[in-house]
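When reading the values below, keep in mind they use all heavy atoms of this one structure, side chains included, and skip hydrogens, waters and symmetry mates.
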Amino acid sequence: MHLLGDWIYQPNLWHINRHSSAAAFFVGLFIAFMPVPGQMIFAALAAIWLRANLPLSVALCWITNPLTIGPIFFLAYKLGAVVLDMTPQPIEFELSWQWINNGLLKVWQPFLLGCLLCGTFFGCLGYFLVSVIWRWDVVRRWEIRKEQRARRLAEATRDVELRQAPNEPPDAQGK
């Protein structure tokens, strides 16, 4: 932490606001699709660099967890193969150095392209959805407050008018 100096004390890293939350969604979702070990470290460094919410950025990179990483990376590989106009090869995954050295060499280009495309797409989608939903919520709250102020003003005006109305004697009302 000492290497980061005063950057770690930036308010946007710890506060929830529209900019830091939207940027955190971009960082977290983008890093989640990157096939690198230590995604949390990369998410934290990117959050500090972009002044995004640090805890949210790190938490979002856990979308790719041991249960979801297989299907997500397989779909990224398929997408990369389609974009590169390659026929997807059947992958027989084996957790060994031999497969990483031999098997990964056959599929690395479409795999990395698919990961970059998915990371960019979902990162941008998260950024814009958070921004739009945040903006919509702020406008909705302003409208509610405006309606409440108008209702209170109407009630206060009606109360003042009732108090200022002349009091007529009871026998004058009947005639």
Side-chain angles (χ1 to χ4, degrees), residues 1-85 88 107-160:
M1 298 298 269
H2 193 14
L3 294 172
L4 300 174
D6 290 338
W7 282 17
I8 200 72
Y9 299 111
Q10 291 290 327
N12 277 347
L13 295 180
W14 307 105
H15 295 264
I16 302 261
N17 58 47
R18 185 172 55 131
H19 169 73
S20 69
S21 298
F25 266 77
F26 177 79
V27 167
L29 292 174
F30 181 79
I31 297 294
F33 283 92
M34 295 303 107
V36 294
Q39 288 177 328
M40 291 172 49
I41 294 169
F42 288 112
L45 292 174
I48 291 168
W49 183 56
L50 294 174
R51 290 179 176 81
N53 184 279
L54 183 64
L56 191 55
S57 297
V58 171
L60 281 167
C61 75
W62 274 95
I63 287 175
T64 50
N65 58 55
L67 296 175
T68 63
I69 199 166
I72 287 174
F73 283 170
F74 181 71
L75 290 175
Y77 165 70
K78 289 277 198 177
L79 175 66
V82 167
V83 170
L84 290 176
D85 198 26
V107 297
W108 74 272
Q109 289 176 331
F111 175 59
L112 287 182
L113 178 63
C115 288
L116 283 172
L117 290 175
C118 287
T120 303
F121 174 76
F122 286 107
C124 289
L125 181 67
Y127 180 89
F128 288 116
L129 279 177
V130 168
S131 294
V132 166
I133 290 170
W134 197 291
R135 173 79 177 144
W136 170 79
D137 187 55
V138 167
V139 169
R140 183 182 61 83
R141 288 177 190 227
W142 272 97
E143 292 296 323
I144 290 171
R145 285 173 45 191
K146 183 178 168 184
E147 290 171 5
Q148 288 173 344
R149 272 186 261 128
R151 188 172 51 247
R152 284 193 299 257
L153 180 62
E155 290 171 1
T157 304
R158 187 176 56 242
D159 289 345
V160 168

Can you list everything that forms a ring pair (Phe, Tyr, Trp, His ring centres under 6.0 Å) with Phe25? Sequence neighbours excluded, please.
none
List, one per line, each side-chain donor-acceptor pair under 3.5 Å for residues 36-46, sequence neighbours excluded.
residue	atom	partner	partner atom	Å
Gln39	OE1	Thr64	OG1	3.1
Gln39	NE2	Ile31	O	3.2
Gln39	NE2	Ala32	O	3.2
Gln39	NE2	Met34	O	2.7

Which residues share a salt bridge (Lys or Arg N to Asp or Glu O under 4.0 Å) with Arg141, sequence neighbours left out:
Asp137
Residue pairs passing the salt bridge (Lys or Arg N to Asp or Glu O under 4.0 Å) test where at least one lies in residues 55-72, sequence neighbours excluded
none
Please, which pairs that meet side-chain hydrogen bond (donor to acceptor under 3.5 Å, both in side chains) have at least one residue in residues 21-33, sequence neighbours excluded?
none
With sequence neighbours excluded, tell me which residues meet side chain to side chain contact (heavy atoms under 4.5 Å, CB included) with Trp142.
Val138, Arg145, Arg149
In terms of heavy-atom contacts, Asn53 and Ala47 come closest through O-CB, 4.4 Å
Please find the pair of heavy atoms, one from Val27 and one from Ala52, that lie closest to each other, and give the distance.
CG2-CB, 4.5 Å
Could you work out, with side chain to side chain contact (heavy atoms under 4.5 Å, CB included) as the rule, every residue matching Asn65, not counting sequence neighbours?
Trp62, Leu67, Thr68
Taking only distance into account, with no hydrogens and no angle test, what donor-acceptor pairs under 3.5 Å do side-chain atoms of residues 111-135 form with protein atoms, sequence neighbours excluded?
residue	atom	partner	partner atom	Å
Thr120	OG1	Leu116	O	2.8
Ser131	OG	Tyr127	O	3.1

Could you pull out all residues at least two apart from Glu155 that satisfy side chain to side chain contact (heavy atoms under 4.5 Å, CB included)?
Arg151, Arg158
All N/O donor-acceptor pairs, side-chain side in residues 73-84, below 3.5 Å, sequence neighbours left out:
residue	atom	partner	partner atom	Å
Tyr77	OH	Gln89	N	2.8

